[in-house]
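Here it is: the structure, laid out below.
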Amino acid sequence: GNASAFDGDRFHTLDFVGLPAYVEGGNYDVRIEWSTSEYVEFHVPSGSNIFNQGAEGDVDIDGVTTSVSSPDFGETATFCHACVTGGSQPGHTCWAVTPSSDTN
């Protein structure tokens, strides 16, 4: 769900138990699927971790491919991780993939 009723949910904050140790150091690929055939794939560079629960913030990602034409991500984008477990939750979206040009 994507509403305040789900605040604190591990899926919202990306606080997954049992992730492989290598995610802490970056250099891994991610595929997110929704609907029946939509997806975005990207590479998390070395030194980055989109699952980090120690800090909220943006992570530059590369190797972006997607099934959607809008927004136009290009080859690089930003993974916005806006809330973490036990932290503030500024809205109803705790994470998103956004174009590098998006300054929100």
| request: For Glu75, look at atom CD and say whether over 12 heavy atoms of other residues, nucleotides or ligands are found less than 6.0 Å away. | output: yes

| With a 4.5 Å limit on heavy-atom distance, are the side chains of Val68 and Trp34 in contact? | yes

| Rounded to the nearest 0.5 Å, how far does OG of Ser100 lie from CG of Asp62? | 9.5 Å

| field | Close side-chain approach of Asp102 to Thr78, heavy-atom, < 4.5 Å | value | no

| task | Side-chain contact test, heavy atoms from C-beta onward, threshold under 4.5 Å: evaluate it for Val59 versus His81 and give yes or no. | result | no

| field | Point-to-point distance, once rounded to the nearest 0.5 Å, from CD of Glu41 to OG1 of Thr65 | value | 4.0 Å

| query | Any side-chain heavy atom of Thr76 within less than 4.5 Å of one from Ile61? | reply | no

| message | Let me check something: do Tyr28 and Tyr39 share a hydrophobic cluster, defined by ILVMFWY side-chain heavy atoms less than 4.5 Å apart, either directly or through other members? | response | no

| field | Spacing of Asp58 atom CG and Ser48 atom OG [to the nearest 0.5 Å] | value | 11.0 Å

| Contact check, side chains of Trp95 and Leu14, non-hydrogen atoms, under 4.5 Å | yes

| task | For residues Phe42 and Ile32, determine if any side-chain heavy atom of one lies less than 4.5 Å from a side-chain heavy atom of the other. | result | yes

| remark: Between Ser37 and Ser67 the two heavy atoms that sit nearest each other are O-OG, 3.8 Å

| query | Are side-chain heavy atoms of Gln53 and Thr13 found at a separation under 4.5 Å? | reply | yes

| Below 4.5 Å, heavy atoms only, C-beta onward: do Phe73 and Thr66 meet side chain to side chain? | yes

| task | For Asp60 and Pro45, work out which heavy atoms get closest and say how close. | result | O-CD, 3.3 Å

| Criterion side chain to side chain contact (heavy atoms under 4.5 Å, CB included) on Leu19 and Glu24, from CA distance to verdict | CA-CA 9 Å; Leu19 288 173; Glu24 292 180 21; over 6 Å; no

